[in-house]
Amino acid sequence: MEATFVPHYTNPMPFQPLLRRQPSRLNRSPILAVLTTPPEQLTGVSKRKTLKPAENLTGVTRKTIYRDNWLDQFAINHLSQNVQAATGLHNTKTGYDSLVQAAMDASKKFELIHQRELVLQALDSAIPRFILDLIKTLMPQTTFTREYFAAFTTLFFGWLIGPCEVRESEFNGKTENNVVHIKKCRFLEETNCVGMCTNLCMIPSQTFIKSSLGVPVNMVPNFDDMSCEMIFGQEPPLPTEDPALNQPCYKLCKAKQKHGEKCTS
């Protein structure tokens, strides 16, 4: 018997292409793909790390970039020259780097108390005494004065402390706009030193503003995010009770010099 091969077509027209049959959704497998090798072991594939906005590719916090105008540069150089004149230590740097270097030189050469006295001397020479006396006489401590000092600081001292804004707080049972919130202190970011912040900025500034302008101010630095608040009208705590003076310094402190309890190498 002769065997004959008969193709098994279900389509009555064998020479036309078959229509693709749509698979039933009920029979579709829920497994889309199987990966037997972990992604980190595949060549050319690496695990992606989600970076915080404040970090660069090396995990180091990005430094704030400032573009000082001519008026800012004038004020920075003026203060830097007064600090250098008070300490007797001069440097050849320019701009804000010159001010930071002057402060760093003072922190390395002088003891804590002397550092604060030198900054007060520099501030006294930077601002004419008759202007300070006039302000103190014409603006006694009132709500207007406290709010005026807060607004004045945000408008005219951004070159020194960085971007800031006025915030409100409760004072003697009333709400006042007497707080300057510094988002990220420029001086602290540049020096990266807790001891220089407290001894060359916080304590002398508190003393200078109260003695020269007649208004107490409490500066409250936050060493976690480098922000700070200046609360006009509020007396600062005693040195033995101020948590800022018991704060250990950063591991990457640039000064690496003795600052009492405030900074350790």
Side-chain angles (χ1 to χ4, degrees), residues 54-56 58 60-110 114-128 131-132 149 151-165 180-209 212 219 221-223 225-230 249-250 252-257 259 262-263:
E55 293 181 345
N56 58 21
T58 62
V60 179
T61 302
R62 291 176 181 172
K63 183 179 177 180
T64 306
I65 299 176
Y66 291 89
R67 293 178 174 84
D68 300 307
N69 58 38
W70 68 269
L71 186 59
D72 297 332
Q73 294 175 4
F74 174 81
I76 292 169
N77 291 329
H78 178 64
L79 181 58
S80 175
Q81 292 299 322
N82 280 273
V83 173
Q84 293 178 54
T87 61
L89 304 173
H90 301 277
N91 64 76
T92 58
K93 295 186 177 182
T94 60
Y96 207 86
D97 290 339
S98 175
L99 178 60
V100 171
Q101 186 63 50
M104 191 169 296
D105 291 340
S107 71
K108 293 178 179 180
K109 184 175 180 62
F110 303 102
H114 201 182
Q115 293 176 28
R116 301 166 188 174
E117 293 174 348
L118 289 171
V119 174
L120 288 173
Q121 180 181 335
L123 293 175
D124 278 330
S125 60
I127 306 176
I131 294 180
L132 298 174
F149 284 158
F152 187 87
T153 301
T154 60
L155 290 175
F156 296 102
F157 285 92
W159 56 269
L160 177 62
I161 58 180
C164 48
E165 62 185 9
V180 175
H181 176 74
I182 305 169
K183 299 177 181 179
K184 190 174 186 180
C185 178
R186 184 177 187 178
F187 183 75
L188 180 57
E189 183 181 17
E190 290 288 343
T191 60
N192 205 36
C193 177
V194 171
M196 293 178 66
C197 166
T198 55
N199 296 308
L200 296 171
C201 178
M202 185 187 79
I203 294 179
S205 295
Q206 291 175 161
T207 303
F208 176 78
I209 292 173
S212 301
M219 298 181 67
N222 183 332
F223 295 112
D225 60 5
M226 294 189 175
S227 66
C228 183
E229 287 194 340
M230 301 176 64
C249 204
Y250 298 115
L252 299 179
C253 170
K254 293 182 179 179
K256 292 293 183 184
Q257 298 292 323
H259 295 289
K262 275 70 69 181
C263 182

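Keep in mind that what you see is a predicted model, and the values were worked out from it rather than measured. Sequential numbering from 1 along the given sequence is applied to the chain's residues.
Side-chain contact annotation: Ser125 with Gln121, donor-acceptor N/O pair under 3.5 Å absent. Under 3.5 Å, the side chains of Asn77 and Gln81 contain no donor-acceptor pair of N or O atoms.
Closest approach of Met219 to Ser205, counting heavy atoms only: SD-CB, 3.7 Å. Across all their heavy atoms, Leu118 and Ala86 have their closest contact at CD2-O, 3.3 Å. Contact between Gly162 and Arg186 at its shortest, heavy atoms only, is N-CB, 3.9 Å. The two residues Lys184 and Tyr66 come nearest to each other via the heavy atoms O-OH, 3.9 Å. Across Leu188 and Cys197, no two heavy atoms sit closer than the pair CD1-CB, 3.9 Å.
Of the possible donor and acceptor atoms, none in the side chain of Asp105 sits under 3.5 Å from a partner among the backbone N and O of Ala102. No side-chain donor-acceptor contact under 3.5 Å links Ser80 to the backbone of Ile76. Formation of a donor-acceptor pair under 3.5 Å by the Gln84 side chain with backbone atoms of Asn91 is found in this model.
Between Leu99 and Glu190 there is no side-chain heavy-atom pair separated by less than 4.5 Å. By the 4.5 Å heavy-atom criterion applied to side chains, Thr198 and Phe223 are counted as neighbours. At least one side-chain heavy atom of Leu123 sits less than 4.5 Å from a side-chain heavy atom of Leu79. Contact of the Phe208 side chain with the Asp124 side chain is registered, since non-hydrogen atoms from C-beta on lie closer than 4.5 Å. At a threshold of 4.5 Å between non-hydrogen side-chain atoms, the residues Pro221 and Ile182 do not count as touching. Residues Met202 and Cys228 form no side-chain contact, since every pair of their non-hydrogen atoms from C-beta on lies 4.5 Å or further apart. A heavy-atom distance below 4.5 Å is not found between the side chains of Lys109 and Gln115. Residues Asn199 and Phe110 fail the side-chain proximity criterion, which asks for heavy atoms closer than 4.5 Å.
Separation of atoms SG (Cys249) and CE (Met196) is listed at 9.5 Å; rounding is to 0.5 Å. In this structure, the separation between NZ on Lys63 and CD on Glu189 is 7.0 Å, given to the nearest 0.5 Å. From Thr94, atom OG1 reaches atom CD of Gln73 across 8.5 Å, with rounding to the nearest 0.5 Å. Rounding to the nearest 0.5 angstrom, the gap separating the SG atom in Cys201 from the CG atom in Leu160 is 6.5 Å.
Ring pair Phe156/Phe152 is tilted by interplanar angle, where 30° to 60° counts as tilted.
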For this session: Could you walk me through whether Leu200 and Thr191 pass side chain to side chain contact (heavy atoms under 4.5 Å, CB included), step by step?
Result: CA-CA 11 Å; Leu200 296 171; Thr191 60; over 6 Å; no

For this session: Mind running side chain to side chain contact (heavy atoms under 4.5 Å, CB included) on Lys108 and Leu89 for me, showing each step along the way?
Result: CA-CA 11 Å; Lys108 293 178 179 180; Leu89 304 173; over 6 Å; no

Problem set entry | side chain to side chain contact (heavy atoms under 4.5 Å, CB included) between Met226 and Asn192, intermediate numbers included | CA-CA 9 Å; Met226 294 189 175; Asn192 205 36; 3.4 Å; yes

